[in-house]
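Inspection log for the structure reproduced underneath, given as structure tokens.
Worth knowing before you read on, the calculation uses all heavy atoms, side chains too, and leaves out hydrogens, waters and symmetry mates.
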Amino acid sequence: LTLEFAFPSGASSYFGRYYTGAKLSEVRISAEEAGELSAELTMIPAGYRAEWNTSTVTKDITTKPYLFHTATFTFGSTTIARITTFELTISNEMGQKWYLTQQTSDGTLRGGRYAYDIIPGKREYKLTATVVIDTDLNPSVWERLTGLTGSTGQLSNTLTNAPFNATFLFSRGTNDTLTIELTDCVFTKAPHSIPEEKAEISV
């Protein structure tokens with residue numbers, strides 16, 4: 001990709017900064033209570049240049065965002081209604097390579113100070129969410145985390161950290177939805193902070 005940031009310079013000219021040969025390194029999608037769904041992108045460019053041009057002026061966006069209160073979250077086969085925050089991070093684990101190569105004057109071949117290759121590695125996904133536990137969801141979350149089920153605490157092999165699917169569904173109205181589907185999820189940790197005073201328990 002080529003990224004451009006343009007700044008006004010006179011009546012019809014813009015000072016543009018170009019980041020060439022860029023690849024997406026990481027995406028972080030998150031939402032908090034009473035907020036909107038947002039994404040933070042991290043790019044790694046191979047080169048950089050600046051020039052003056054007549055770039056098109058950006059216009060205000062009129063499309064409404066996806067809002068936190070219009071979403072639902074499904075964990076396995078259970079819909080969890082009491083999520084207060086979530087964050088999904090997708091990382092391409094980019095690696096940069098420099099070679100003994102001289103950069104051409106027109107910038108078509110990168111070399112010298114600029115990375116010649118940007119190579120994606122093993123892609124990683126990480127989901128964190130804050131859940132306020134209620135009496136209906138506590139057994140489902142706890143059993144899948146620990147592998148224990150029933151009042152006697154018998155071990156259930158089918159539940160011991162078994163992979164599950166998680167789905168976020170955001171809606172802005174009829175035929176206007178965004179679905180984020182995560183497959184074969186497993187728990188890495190789920191700390192239960194018990195408050196000293198009477199309050200909700202967040203996991």
Is [X] linked to [Y] within one hydrophobic cluster, defined over Ile, Leu, Val, Met, Phe, Trp and Tyr using a side-chain heavy-atom separation of less than 4.5 Å?
{"X": "Leu1", "Y": "Ile90", "result": "yes"}
{"X": "Phe73", "Y": "Phe170", "result": "yes"}
{"X": "Leu41", "Y": "Leu3", "result": "yes"}
{"X": "Leu88", "Y": "Leu67", "result": "no"}
{"X": "Val27", "Y": "Ile119", "result": "no"}

Exercise. Going by an N to O cut-off under 4.0 Å, is there a salt bridge joining Arg28 and Glu26?
Worked result: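 So Arg28 pairs with Glu26 through a salt bridge.
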Are [X] and [Y] close enough that some pair of their side-chain heavy atoms sits under 4.5 Å apart?
{"X": "Ser30", "Y": "Ser38", "result": "yes"}
{"X": "Glu124", "Y": "Glu93", "result": "yes"}
{"X": "Ile201", "Y": "Ile194", "result": "yes"}

For [X] and [Y], indicate whether the former's side chain and the latter's backbone hold a donor-acceptor pair under 3.5 Å.
{"X": "Lys23", "Y": "Ile118", "result": "yes"}
{"X": "Asn92", "Y": "Leu24", "result": "yes"}
{"X": "His192", "Y": "Ala190", "result": "yes"}

For this session: Just say parallel, tilted or perpendicular for the rings of Phe5 and Tyr19, cut-offs at 30° and 60°.
Result: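 The arrangement is perpendicular - the two ring planes meet at more than 60°.
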Problem set entry | Stepwise side chain to side chain contact (heavy atoms under 4.5 Å, CB included) test for Thr167 and Leu182 | CA-CA 6 Å; Thr167 302; Leu182 307 170; over 6 Å; no
Exercise. Do we see a donor-acceptor contact under 3.5 Å between the side chains of Tyr125 and Asp184?
Worked result: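 Checked: Tyr125/Asp184 side chains show no N/O donor-acceptor pair below 3.5 Å.
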Exercise. Just checking, is any N or O donor in the side chain of Ser25 or Thr42 under 3.5 Å from an acceptor N or O on the other one?
Worked result: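 Result is no, nothing qualifies.
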For residues [X] and [Y], report the shortest heavy-atom separation together with the two atoms involved.
{"X": "Ala22", "Y": "Met43", "result": "CB-CE, 4.3 Å"}
{"X": "Pro65", "Y": "Arg172", "result": "O-CD, 3.6 Å"}
{"X": "Phe68", "Y": "Ile83", "result": "CZ-O, 3.3 Å"}
{"X": "Ala46", "Y": "Ala115", "result": "CB-O, 3.4 Å"}

Spacing of [atom1] belonging to [X] relative to [atom2] belonging to [Y], to within rounding of 0.5 Å:
{"X": "Arg17", "Y": "Phe15", "atom1": "CZ", "atom2": "CZ", "answer": "5.0 Å"}
{"X": "Glu200", "Y": "Arg82", "atom1": "CD", "atom2": "CZ", "answer": "10.0 Å"}
{"X": "Glu181", "Y": "Thr74", "atom1": "CD", "atom2": "OG1", "answer": "10.0 Å"}

For this session: Apply side chain to side chain contact (heavy atoms under 4.5 Å, CB included) to Ser171 and list each qualifying residue two or more places apart in sequence or on a separate chain.
Result: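 Scan of Ser171 (side chain to side chain contact (heavy atoms under 4.5 Å, CB included), adjacent residues dropped) gives Thr177.
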Problem set entry | Residues Ser193, Ser202; criterion side chain to side chain contact (heavy atoms under 4.5 Å, CB included); working and verdict | CA-CA 6 Å; Ser193 300; Ser202 297; over 6 Å; no
Exercise. Between Phe86 and Leu127, is a side chain to side chain contact (heavy atoms under 4.5 Å, CB included) present by the stated rule, with each step listed?
Worked result: CA-CA 7 Å; Phe86 92 92; Leu127 170 66; 4.0 Å; yes
Problem set entry | Between Tyr48 and Tyr18, ring centroids under 6.0 Å |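 No; Tyr18 has its ring centre 6.0 Å or more from that of Tyr48.
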For this session: Check whether the ring centres of Phe75 and Phe168 lie less than 6.0 Å apart, and answer yes or no.
Result: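 Phe75 vs Phe168: aromatic centres not under 6.0 Å.
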Exercise. Passes side chain to side chain contact (heavy atoms under 4.5 Å, CB included), Ile180 versus Ile29? Steps please.
Worked result: CA-CA 10 Å; Ile180 301 174; Ile29 303 172; 4.2 Å; yes
